[in-house]
K.L.:
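Could you have a look at this structure, given as structure tokens, before my questions?
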Amino acid sequence: MVMGYLKFILFLIILNISFFAPYKAYISNPPNVNVNTVDVESGDSINEVISKFSSHNLINKIFLKLYMKANQLNDFKVGEYSIKNKDMNEIISNMSNGTTITHKITINEGMNIYQLEEIIDNSYLENDCSFLKCLDKDLPFKEGILYPDTYFYKKGMKSSLILKKSHKKLNEYVDPFFINNDRINSLNKYQVLILSSIVEKEAGNDNEKPLIAGVFLKRLSINMRLQADPTIIYGLLPNFDGDIKKSDILNKNNQYNTYMINGLPPTPISISSKSSILAVINGIPGDYLFFVADSPNSHFFSKTYDEHLNKIKEIGLDK
């Protein structure tokens with residue numbers, strides 16, 4: 001009787017050493033591979049997925065089958081998964097539950113349509129809305145019609161879903177000002193978005209945006225040209241070399257050259273922040289007609305051209 005009991009104990013020990021210990025080690029440890037992410041694609045079997053990041057010999061296949069059955073798991077969901085620093089237990093659970101990686105893309109204020117195209121192309125999104133061609137819009141332009149924010153997505157998601165959401169958010173922010181007539185000046189929605197994009201590119205900080213808006217509104221009110229360098233640059237994109245030349249300033253063929261054209265350019269030149277939009281919506285023609293950068297983040301404002309020229313000389317921009 002004792003010998004039979006001892007044999008049974010010995011059998012359990014051998015079984016534990018030969019099966020349960022390796023099973024526990026397989027399930028409880030990370031796979032020994034230099035892979036951080038794994039894609040589960042449509043049509044992949046469970047064995048095919050595991051083979052992408054783990055030695056999948058006969059014993060491991062048995063371990064996997066037992067684990068899946070014990071935990072009532074049937075398949076893996078399609079998607080991209082992080083396996084870095086995760087044990088097999090967590091990896092299998094995530095793949096069974098569809099706990100995929102979440103990516104983010106940030107649409108920044110001041111960004112133009114060319115920069116937007118670049119960040120989408122460099123993301124994990126499927127670019128099905130190149131240069132915003134997918135948007136149903138009530139505006140006569142495609143530039144500057146998005147709401148700056150951070151948006152979250154899964155690998156392979158269509159960019160149109162994010163861009164339509166962003167455009168909707170912009171309309172939800174801007175439209176009430178016009179529906180409720182809750183604004184000071186008479187600019188329409190198109191004009192507000194165009195001018196606010198110029199303010200966005202010119203301003204060094206949020207506090208001076210109302211002043212810059214006031215300068216441009218003053219110029220518009222007296223039929224003075226806006227003379228904004230960022231508009232010239234936009235008209236030279238996507239091939240601008242970083243240097244505005246005298247020939248660029250005198251170029252009458254650049255429809256964004258506000259040194260040559262009267263009034264506003266035909267479209268916004270960037271995505272505008274809420275602060276730039278508010279500065280324009282609440283803006284009135286101010287006392288200043290000129291401004292010049294006197295630091296990397298601020299401008300000096302002048303009422304007269306002589307005062308403006310003196311400041312330019314003072315800071316050495318006339319050399």
Side-chain angles (χ1 to χ4, degrees), residues 11-111 115-130 146-166 169 271:
F11 170 76
L12 291 178
I13 292 172
I14 294 173
L15 183 63
N16 181 66
I17 294 172
S18 62
F19 185 83
F20 290 111
Y23 170 80
K24 186 173 179 60
Y26 173 74
I27 293 299
S28 303
N29 288 286
N32 187 23
V33 290
N34 294 320
V35 177
N36 293 329
T37 63
V38 172
D39 288 328
V40 177
E41 300 174 357
S42 179
D44 280 351
S45 68
I46 290 174
N47 286 332
E48 287 172 335
V49 172
I50 297 297
S51 296
K52 293 180 181 182
F53 61 92
S54 174
S55 173
H56 204 44
N57 54 41
L58 178 60
I59 296 300
N60 286 347
K61 287 181 180 180
I62 294 173
F63 290 160
L64 176 64
K65 189 171 184 179
L66 287 173
Y67 180 83
M68 298 284 289
K69 189 172 183 63
N71 290 276
Q72 298 182 332
L73 304 176
N74 298 316
D75 55 19
F76 291 159
K77 304 293 190 301
V78 171
E80 179 194 22
Y81 295 88
S82 171
I83 66 170
K84 185 178 181 180
N85 299 326
K86 292 180 172 63
D87 56 41
M88 287 294 292
N89 174 36
E90 185 176 2
I91 294 169
I92 293 170
S93 177
N94 286 345
M95 290 181 173
S96 298
N97 296 325
T99 309
T100 53
I101 296 172
T102 298
H103 298 280
K104 64 181 179 180
I105 187 170
T106 300
I107 299 175
N108 288 316
E109 55 267 21
M111 181 181 289
Q115 294 167 322
L116 176 67
E117 188 77 1
E118 182 178 0
I119 67 164
I120 291 175
D121 285 341
N122 290 328
S123 73
Y124 293 100
L125 289 165
E126 176 189 336
N127 191 356
D128 67 329
C129 191
S130 184
L146 300 180
Y147 188 90
D149 205 349
T150 296
Y151 300 87
F152 297 91
Y153 68 95
K154 303 292 186 177
K155 184 177 181 179
M157 178 177 162
K158 295 182 184 299
S159 64
S160 57
L161 297 176
I162 288 176
L163 297 174
K164 288 178 180 179
K165 178 180 180 180
S166 180
K169 286 186 70 173
I271 295 169

K.L.:
Ignoring hydrogens, what is the shortest heavy-atom contact between Thr102 and Lys154? Give both atom names and the distance.
P.N.:
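What the structure gives for the nearest pair is OG1-NZ, 2.7 Å.
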K.L.:
Show your reasoning for whether side chain to side chain contact (heavy atoms under 4.5 Å, CB included) applies to Val49 and Met95.
P.N.:
CA-CA 10 Å; Val49 172; Met95 290 181 173; 3.7 Å; yes
K.L.:
If we count only N and O atoms by modelled type, under 3.5 Å, do the side chains of Ser28 and Asp87 hold a donor and an acceptor together?
P.N.:
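Not at all, the side chains of Ser28 and Asp87 share no donor-acceptor pair under 3.5 Å.
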K.L.:
Only one of Glu109, Lys169, Met111 forms a side chain to side chain contact (heavy atoms under 4.5 Å, CB included) with Pro148, so which one is it?
P.N.:
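With Pro148 as partner, Glu109, Lys169, Met111 yield a single side chain to side chain contact (heavy atoms under 4.5 Å, CB included), made by Glu109.
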K.L.:
Compare every heavy atom of Val35 with every heavy atom of Thr37, then report the nearest pair and how far apart it is.
P.N.:
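Heavy-atom minimum between the residues: O-CG1, 3.1 Å.
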K.L.:
Looking only at heavy atoms, what is the nearest atom pair of Leu161 and Met157, with distance?
P.N.:
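Heavy atoms of Leu161 and Met157 come nearest at CB-CE, 3.6 Å.
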K.L.:
Using modelled atom types only, decide if a donor and an acceptor are shared between the side chain of Thr106 and the backbone of Asn108 within a distance under 3.5 Å.
P.N.:
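Not at all, since once roles are kept as given, no pair shorter than 3.5 Å links the two residues.
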K.L.:
Start with the C-alpha distance between Tyr153 and Ile105, add both sets of side-chain angles, then the distance that settles side chain to side chain contact (heavy atoms under 4.5 Å, CB included), and finish with yes or no.
P.N.:
CA-CA 8 Å; Tyr153 68 95; Ile105 187 170; 4.0 Å; yes
K.L.:
Going by heavy atoms in the side chains, are Tyr151 and Lys104 under 4.5 Å from each other?
P.N.:
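Of all side-chain heavy-atom pairs linking Lys104 with Tyr151, none is under 4.5 Å.
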K.L.:
My understanding is that only one of Asn36, Ile92, Ile91 makes a side chain to side chain contact (heavy atoms under 4.5 Å, CB included) with Lys86; could you say which?
P.N.:
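Answer to the side chain to side chain contact (heavy atoms under 4.5 Å, CB included) test with Lys86 among Asn36, Ile92, Ile91: Ile91.
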K.L.:
Any side-chain donor-acceptor pair under 3.5 Å between Asn127 and Glu117?
P.N.:
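Checked: Asn127/Glu117 side chains pair up, N/O donor to acceptor below 3.5 Å.
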K.L.:
Heavy-atom distance under 4.5 Å between the side chains of Ile271 and Ile107, does that happen here?
P.N.:
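They are in contact (side-chain heavy atoms under 4.5 Å apart), so the answer is yes.
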K.L.:
Asn97 side chain to Ser93 main-chain N or O, any donor-acceptor pair under 3.5 Å?
P.N.:
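Side chain of Asn97 to backbone of Ser93: a pair is present.
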K.L.:
Is a side-chain N or O of Asn94 found less than 3.5 angstrom from the main chain of Ser82, in a donor-acceptor match?
P.N.:
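Answer holds: no.
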K.L.:
I need the minimum non-hydrogen distance between Ser54 and Pro31, along with the two atoms involved.
P.N.:
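For Ser54 and Pro31, the tightest heavy-atom pair comes out as CB-CB, 4.3 Å.
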K.L.:
Just do the side chain to side chain contact (heavy atoms under 4.5 Å, CB included) check on Glu90 and Ile83 with the steps written out, would you?
P.N.:
CA-CA 9 Å; Glu90 185 176 2; Ile83 66 170; over 6 Å; no
K.L.:
Would you give the length of the straight line joining atom OG of Ser123 to atom CD1 of Ile162, rounded to the nearest 0.5 angstrom?
P.N.:
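Spacing of OG (Ser123) from CD1 (Ile162) equals 7.5 Å.
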K.L.:
Which atom pair, heavy atoms only, marks the closest approach of Leu146 to Ser166?
P.N.:
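Where Leu146 meets Ser166 most closely, the heavy atoms are CB-OG, 3.3 Å.
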K.L.:
Please examine the side chains of Phe76 and Met68, heavy atoms only from C-beta on, and report whether any two atoms are closer than 4.5 Å.
P.N.:
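Side chain of Met68 against side chain of Phe76, heavy atoms only: contact under 4.5 Å found.
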K.L.:
Asn47 vs Leu64, test: side chain to side chain contact (heavy atoms under 4.5 Å, CB included). Steps then yes/no.
P.N.:
CA-CA 9 Å; Asn47 286 332; Leu64 176 64; 4.0 Å; yes
K.L.:
To the nearest 0.5 Å, how far apart are NZ in Lys165 and OG in Ser160?
P.N.:
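Those atoms lie 13.5 Å apart.
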K.L.:
Taking Asp39 first and then Lys52, would you say they form a salt bridge - that is, a charged N and a carboxylate O separated by under 4.0 Å?
P.N.:
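No, Asp39 and Lys52 are not salt-bridged.
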K.L.:
Step through the shown structure and confirm whether more than 12 heavy atoms of other residues, nucleotides or ligands are within 6.0 Å of NZ on Lys65.
P.N.:
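At most 12 heavy atoms, drawn from other residues, nucleotides or ligands, come within 6.0 Å of this atom.
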K.L.:
Could you point out which residue of Asp75, Asn71, Leu73 forms a side chain to side chain contact (heavy atoms under 4.5 Å, CB included) with Ser96?
P.N.:
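Result: among Asp75, Asn71, Leu73, Leu73 is the only option passing the side chain to side chain contact (heavy atoms under 4.5 Å, CB included) with Ser96.
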K.L.:
When you measure from the side chain of Glu48 to the backbone N and O of Ser45, does any donor-acceptor pair fall under 3.5 Å?
P.N.:
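Flag set: sc Glu48 to bb Ser45 pair under 3.5 Å.
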K.L.:
Taking all non-hydrogen atoms of both residues, which atom of Ile101 and which atom of Tyr81 are closest, and how far apart?
P.N.:
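Distance-wise, the nearest heavy atoms are CD1-C, 3.5 Å.
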